[in-house]
Number of protein chains: 2
Amino acid sequence: MTSHIHCQNCSMAALCLPYQLDQDGMARLDTIIQRHKPIHKRDVLVNAGESLKCLYAVRSGSLKSYTIDDNGVEQIIDFHLPGDVIGFDALANSQHRSYTQALETAMLCEIPMSSLDELAEQMPGLRRQMWRLMSGEIYNSKQLLGTLNNRSAQQRLANFLTTLADRFKERGLSNRSFRLTMTRADIGNYLGLSVETISRILSALQAEGVIDVQNKLVNVLEPERLHELAQ
Amino acid sequence: MTSHIHCQNCSMAALCLPYQLDQDGMARLDTIIQRHKPIHKRDVLVNAGESLKCLYAVRSGSLKSYTIDDNGVEQIIDFHLPGDVIGFDALANSQHRSYTQALETAMLCEIPMSSLDELAEQMPGLRRQMWRLMSGEIYNSKQLLGTLNNRSAQQRLANFLTTLADRFKERGLSNRSFRLTMTRADIGNYLGLSVETISRILSALQAEGVIDVQNKLVNVLEPERLHELAQ
DNA sequence: CGTAATATTGAGGGGGATCAACAGACGTGG
DNA sequence: CCACGTCTGTTGATCCCCCTCAATATTACG
């Protein structure tokens, strides 16, 4: 039952807002969080331009965030996995600046911004975790710059796969065998490469025995080699 | 005299931590801030790996932040102008994750992290501004992804110049005529392009009458045209 | 003033985009 | 459950943008 899910027993707590809160703190945070029915593949959770009402924490499933530029072209800026918090880029002007869409059925925790603001005033630990999460997001996106600039298509894709594998591991899932919930086009868009290039490189990596790809399913056969290719 | 500079009379206050604080709040913030002698071109303000003691606000001058990857290659991730706060990427693990070096003589305000933490507890406005600044940094770096992916060298450079011009304008300076404090190599590194490409495109933009470049000095002759080229 | 760092310009080559054709997977409705 | 159409993925051929290498010019700085 959905109603039985609480921060106190959520397996993603260590990655999410509750990190390092005591039992009392977690309970207080839990009271302001709303949990609804799951959203489905292709459902849009957030539209760019909407005023910021809540942040969202991913409980299960995955989503993508993207902007649409002046030419109407989609640019994916993030893939969200369980434990991720969505909406930090909206705090600057209280307005969401990107779209967020489900890549598969996903369960979310809704965190009303006004309540979070209040709670952060009273709970130093929560405040620190907000800072940590936002700081981490700043770091990650800056890192990504380094990955995209001056790196070949193969390096970019290898880096994408290892980063994704690491994130799965953090979440208690296998980093050797996982499913890509996004399309090749999504990956290409994110990495600044064409669909064809993504497809070709996946085939090449498979031919070299580094990974095994069956449609959406990826098996990392030689993790250390993949890691090298990412450099 | 340096000692006469305070948040209350700093022209960058609206871009910086004091934004929207009342007189009392600004005064309290001001008491925790330390101001030292200027640092000089090529001086390194922060090393990656150092534990986070303070954030730095730029009062004058400009700096660059960069990481050094596994291959020893520098990757510039940011250029800092007056009003910018340096160090937000260090909050996640209390450790600086990038190097920061002065591009010219620069004056800085040093904000001890422990005092800032205390003050943020007591001042909701300061807390909100911390969130706003970090959120803005998240947004900007995500935007930059969109700029670098799927865009030609000319589009990237035009975008770089317009963004820089806009930032100068925010700071009360001319957005039509300004000095590049970074080298062509720095710009290329930041945008994922070679020095030669930067040089060639600057020449081309000059030949088309969009800008006039005399070494470090840039005159934007046709701002709207430059803006179009950035799309 | 001399040396090193920075910038400019040219020539050639390669990585990845684009265009095109086809194959496979998915989902929807009969 | 199968037939169909659409969406997604693969592979090949061609082209062009930008990197690389090289030479020279200009600027910055002790």
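Residue numbers start from 1 in every chain, and the chains themselves are labelled A, B, ... in the order their sequence lines are given, proteins ahead of strands.
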Which heavy-atom pair separates B:L52 from B:M113 by the least distance, and what is that distance?
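Closest approach of B:L52 to B:M113, heavy atoms only: CD2-CG, 3.8 Å.
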Rounded distance (Å) that lies between atom [atom2] of [N] and atom [atom1] of [X]:
X	N	atom1	atom2	result
B:E196	D:dA22	CD	C1'	10 Å
B:I198	C:dT9	CD1	C1'	15 Å
B:N150	D:dC18	CG	P	12 Å
B:L148	C:dG16	CG	P	16 Å
B:R42	D:dA28	CZ	P	12 Å
B:I187	C:dT6	CD1	C1'	12 Å
B:Q214	D:dT27	CD	C1'	13 Å
B:L180	D:dT27	CG	C1'	15 Å

When you check the phosphate oxygens OP1 and OP2 of [N], does a side-chain N or O of [X] lie under 4.0 Å from one of them?
X	N	result
B:N215	D:dA28	yes
A:S199	D:dT11	no
B:S203	C:dT9	yes
A:R184	D:dT10	yes

Using rotation axes that map the C1' atoms of four end pairs onto the next four (five pairs an end), what angle separates the end axes of the helix from C:dC1-D:dG30 to C:dG30-D:dC1, to 10°?
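End-to-end axis angle: 60°.
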Among residues two or more places apart or on two chains, list those pairs meeting ring-ring contact (aromatic ring centres under 6.0 Å, His included) that have a residue in residues 197-231 of chain A.
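Residue pairs passing ring-ring contact (aromatic ring centres under 6.0 Å, His included), neighbours aside: none found.
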So does B:R176 pair up with B:D212, basic N to acidic O under 4.0 Å?
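No, this pair does not count.
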If you count the non-hydrogen atoms of other residues, nucleotides and ligands that lie under 6.0 Å from CZ in A:R225, is the total more than 12?
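No, not enclosed.
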To the nearest 0.5 Å, what is the distance between CG (B:N149) and CD1 (A:I77)?
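Between atom CG of B:N149 and atom CD1 of A:I77 there are 11.5 Å.
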Does B:Q154 get its side chain close enough to the base of D:dC17, under 3.5 Å, for a donor-acceptor pair?
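Between D:dC17 and B:Q154, which were checked side chain against base, a qualifying N/O pair under 3.5 Å is absent.
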Ignoring hydrogens and angles, are the base of D:dG12 and the side chain of A:R200 linked by a donor-acceptor pair under 3.5 Å?
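Yes.
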Name the nucleic acid region contacted by A:R151, choosing base, sugar-phosphate or nothing; use a 4.0 angstrom heavy-atom cut-off, strictly under.
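If one applies the 4.0 Å heavy-atom cut-off, A:R151 turns out to touch nothing in the nucleic acid.
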Scan B:G188 against the nucleic acid and name what it touches under 4.0 Å (heavy atoms): base, sugar-phosphate only, or nothing.
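B:G188: no heavy atom of the nucleic acid under 4.0 Å.
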How do A:S194 and B:V195 order along DNA chain C: which one's closest nucleotide is nearer the 5' end?
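Counting from the 5' end, the first nearest nucleotide belongs to B:V195.
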More 5' along DNA chain C: B:V213 or A:K41, using each one's nearest nucleotide?
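In this pair, the answer is B:V213.
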Given [options], the nucleotide with the shortest approach to the side chain of [X]:
X	options	answer
B:T197	D:dC19, C:dT18, C:dG27	D:dC19
B:S152	D:dC18, C:dT18, D:dT8	D:dC18
A:L193	D:dT20, D:dT8, C:dG16	C:dG16
B:K216	D:dC18, C:dG16, C:dA7	C:dA7
A:T183	C:dT6, D:dT8, D:dA13	D:dT8

Sequence neighbours left out, what pairs pass side-chain hydrogen bond (donor to acceptor under 3.5 Å, both in side chains) with at least one residue falling in residues 39-49 of chain B?
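Only B:N47-B:E50 qualify under side-chain hydrogen bond (donor to acceptor under 3.5 Å, both in side chains).
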Is it true that the side chains of A:S94 and A:S51 contain a donor and an acceptor less than 3.5 Å apart?
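No donor-acceptor contact under 3.5 Å links the two side chains.
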What I'd like to find out is whether the side chain of B:Y66 reaches to under 4.5 Å of the side chain of B:Q101, using heavy atoms alone.
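A side-chain contact under 4.5 Å exists here.
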